[in-house]
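Contents: one structure, followed by commentary.
FYI, side chains are in, hydrogens and waters are out, and symmetry mates aren't considered; it's all heavy atoms of this structure.
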Amino acid sequence: MELELTGKTVLITGGSEGIGKAAALEFAREGARVAICARREDVLEAAAGEIRAATGRQVVAIVADVSTLEGCNAFVQQAVAQLGGADILVNNAGRSAGLPFDALPDADWMPDIDLKLMAAVRCSQAAIPFMKQADGGRIINITHVGGKAPGAGTLPSSVSRAAGIALTKAMSKDLAKDNILVNTICVGLIKSAQIERAARGRNPDATLDEAYARMGGAIPLGRIGESREVAAMIAFLASSLGAYITGASINIDGGMAATV
């Protein structure tokens with residue numbers, strides 16, 4: 001199935017591991033030029049080198065902290081300078097954070113909001129002028145199903161993700177006139193470094209596969225998702241096949257969410 005992504009320029013935050021890395025690999029396989037960012041230079045460079053070796057495509061690694069305005073602007077500006085534009089932006093940066101409301105200190109709120117919500121705002125604001133120059137673009141925000149139906153002990157993450165879902169819908173309305181399509185993928189339990197640490201922590205007596213199996217037992221499909229499964233949907237939304245989809249929130253969670 002032709003996605004018509006050859007020659008497109010793709011910017012991905014949080015691209016050194018998990019969903020971000022899988023998305024970068026998927027886009028490179030489809031012929032796109034890719035820029036990824038993260039804070040840890042060694043892990044970031046290793047990911048970029050692995051993708052280059054697997055695909056032969058241009059993959060630019062940019063060390064940046066997108067929880068700051070300066071980091072967001074630096075990532076986008078450096079990526080555009082090296083790739084020649086910004087056709088697609090994947091706002092993927094995030095972390096695992098979850099406490100009960102009465103146990104959450106005030107100081108923990110803004111770092112989470114800066115990384116999960118404001119990074120998407122700031123990177124989008126930096127990339128949109130280049131998308132307008134190109135007569136259109138795609139923005140894909142990675143959020144979480146907990147933003148639709150928060151559970152106990154999920155703060156501040158569920159609030160940040162709920163804001164990201166609302167941001168997606170509002171952006172899609174404002175940017176449709178510029179042919180910039182904005183969607184969000186709401187993930188559930190997807191294999192990543194964060195989920196691996198959680199699985200090992202909860203199941204110290206088990207192998208990683210056994211720990212994953214235990215974590216996935218309560219999911220309707222009976223397993224934890226793979227990063228490549230999310231990456232495939234990201235590429236679809238960014239492709240010519242997704243040209244009439246904007247303002248959508250798509251669950252990739254194995255059926256675990258209580259909401260559609």
Side-chain angles (χ1 to χ4, degrees), residues 1-66 70-94 119-120 122-142 179-183 185 192-193 226-243:
M1 189 176 294
E2 179 55 53
L3 299 183
E4 298 182 15
L5 291 169
T6 299
K8 296 292 186 180
T9 56
V10 184
L11 283 59
I12 303 173
T13 67
S16 62
E17 295 179 314
I19 292 170
K21 179 182 175 183
L25 177 60
E26 186 75 15
F27 278 115
R29 283 175 172 162
E30 292 291 336
R33 303 190 303 277
V34 182
I36 56 175
C37 79
R39 287 178 286 192
R40 292 177 294 164
E41 184 174 8
D42 56 340
V43 180
L44 182 66
E45 289 290 353
E50 184 180 329
I51 297 168
R52 292 186 201 109
T55 65
R57 297 292 179 177
Q58 182 181 8
V59 182
V60 175
I62 299 169
V63 178
D65 179 0
V66 295
E70 296 77 13
C72 292
N73 287 338
F75 170 54
V76 173
Q77 293 295 333
Q78 291 179 45
V80 169
Q82 295 186 60
L83 298 180
D87 297 309
I88 299 156
L89 171 64
V90 182
N91 289 308
N92 171 68
R122 292 161 175 164
C123 287
S124 297
Q125 287 176 331
I128 284 168
F130 300 102
M131 294 182 181
K132 288 182 177 179
Q133 290 174 14
D135 296 322
R138 308 293 170 86
I139 298 173
I140 298 141
N141 298 321
I142 307 304
N179 194 34
I180 298 173
L181 281 58
V182 189
N183 295 289
I185 295 175
S192 65
E226 302 286 345
S227 293
R228 59 178 172 76
E229 293 174 309
V230 182
M233 178 57 71
I234 293 171
F236 172 81
L237 290 173
S239 76
S240 60
L241 300 178

Pairs involving residues 229-238, ordered by first then second residue, that meet salt bridge (charged side-chain N to carboxylate O under 4.0 Å, His left out) (sequence neighbours left out): Arg223-Glu229
Nearest non-hydrogen partners of Met131 and Ala86, listed with the distance: CG-O, 3.1 Å
Pairwise side-chain contact, Ile128 with Ile139, heavy-atom cut-off 4.5 Å (strictly under): yes
Distance-minimising heavy-atom pair for Val10 and Leu83: O-CD1, 4.0 Å
Counterpart residues, side-chain hydrogen bond (donor to acceptor under 3.5 Å, both in side chains), relative to Asn141 (two or more places apart): Asn91, Thr168
Sequence neighbours excluded, every pair satisfying side chain to side chain donor-acceptor pair (under 3.5 Å) that has a member inside residues 73-90: Thr9-Asp87
Atom pair CZ/CG of Phe130 and Leu89 - distance to nearest 0.5 Å: 12.0 Å
Closest heavy-atom pair and its distance - Ala54, Leu25: CB-CD1, 4.2 Å
Minimal non-hydrogen separation, Ser227 against Gly18, with atom names: OG-C, 3.4 Å
Pairwise side chain to side chain donor-acceptor pair (under 3.5 Å) hits with a residue in residues 50-64, at least two apart: Lys21-Glu50
Least distance between heavy atoms, Ser16 atom then Ala47 atom: O-CB, 3.5 Å
Ile180/Lys132 under side chain to side chain contact (heavy atoms under 4.5 Å, CB included): CA gap, chis, key distance, verdict: CA-CA 8 Å; Ile180 298 173; Lys132 288 182 177 179; 4.1 Å; yes
Inter-residue atom distance Ile51.CD1 - Ile36.CD1, 0.5 Å rounding: 5.0 Å
For Glu226, all residues meeting salt bridge (charged side-chain N to carboxylate O under 4.0 Å, His left out), sequence neighbours excluded: Lys191
Contacts of type side-chain hydrogen bond (donor to acceptor under 3.5 Å, both in side chains), residue Glu45, not counting sequence neighbours: none
pair Ile185-Ile19: side-chain heavy atoms closer than 4.5 Å: no
Side chain to side chain donor-acceptor pair (under 3.5 Å) contacts touching residues 22-38 (sequence neighbours left out): none
SG on Cys37 to CD1 on Ile12, rounded to 0.5 Å: 9.5 Å
Sidechain-backbone polar pair: Thr13 side chain, Ala93 backbone, donor-acceptor under 3.5 Å: yes
Pairwise distance CZ(Phe75) to CG(Leu11) - rounded to 0.5 angstrom: 4.0 Å
Partner set under side-chain hydrogen bond (donor to acceptor under 3.5 Å, both in side chains) for Asn92, not counting sequence neighbours: none
Backbone of Ser239 reached by a side-chain donor or acceptor of Arg138 within 3.5 Å: yes
Where Ile62 and Ala79 come nearest, the two heavy atoms and their spacing: CD1-N, 3.5 Å
Glu17: partners by salt bridge (charged side-chain N to carboxylate O under 4.0 Å, His left out), with sequence neighbours left out: Arg40
